[in-house]
Amino acid sequence: MDLASAIAIAGKAIGAGLCMGIGAIGPGVGEGNAVAHALDGMARQPEAAGTLRSTMIMGCAIAETTGIYSLIIAFLILFLL
């Protein structure tokens with residue numbers, strides 16, 4: 001293995017790591033914020049707990065797609081480039 005290919009492999013690994021590092025922060029913060037506010041709303045209005053819970057789960061599922069897209073891009077960087 002020559003130096004150029006070793007640098008290319010290191011660049012792909014760094015790029016995939018940054019993709020997952022940055023791409024995983026958003027869903028983590030977003031889902032944590034959504035759950036915290038939903039629990040706050042459930043504590044303030046217990047009769048709306050069902051509606052808040054279903055809306056929170058749907059929002060968390062949508063927010064999680066960002067992390068999944070980041071994982072797919074990281075795999076593409078590692079294995080196809």
Side-chain angles (χ1 to χ4, degrees):
M1 178 183 301
D2 60 341
L3 183 62
S5 62
I7 291 173
I9 292 172
K12 289 195 299 186
I14 291 170
L18 285 173
C19 180
M20 279 310 300
I22 295 170
I25 290 172
V29 170
E31 289 178 32
N33 195 15
V35 171
H37 283 64
L39 288 175
D40 185 38
M42 288 178 204
R44 291 176 189 259
Q45 286 187 311
E47 66 274 3
T51 305
L52 288 171
R53 186 179 306 113
S54 61
T55 305
M56 176 197 67
I57 290 172
M58 189 64 163
C60 286
I62 292 170
E64 188 62 35
T65 59
T66 308
I68 294 170
Y69 291 147
S70 297
L71 179 65
I72 291 171
I73 296 300
F75 282 152
L76 289 175
I77 290 172
L78 283 176
F79 299 117
L80 293 182
L81 295 180

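Heavy-atom basis, side chains included; hydrogens, waters and symmetry copies ignored.
Expressed to the nearest 0.5 Å, how far CD1 of I14 lies from SG of C19 amounts to 14.0 Å. Atom CD1 in I7 sits 13.5 Å away from atom NZ in K12 (nearest 0.5 Å).
L39 is connected to I57 through a chain of hydrophobic side-chain contacts under 4.5 Å among Ile, Leu, Val, Met, Phe, Trp and Tyr, so both are in one cluster. In this structure, M42 is a member of the same hydrophobic cluster as V35, with clusters built from ILVMFWY side-chain heavy atoms closer than 4.5 Å.
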With a cut-off of 3.5 Å and sequence neighbours excluded, list every side-chain donor-acceptor pair involving residues 74-81.
none

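Closest non-hydrogen pair, A34 versus M56, comes out as O-CG, 4.2 Å.
The closest donor-acceptor contact from the side chain of T55 to the backbone of L52 lies at 3.5 Å or more, if one exists at all.
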(Q) Between I73 and S70, does the side-chain contact (heavy atoms from CB on, under 4.5 Å) criterion hold? Intermediate values first, please. (A) CA-CA 5 Å; I73 296 300; S70 297; 5.8 Å; no
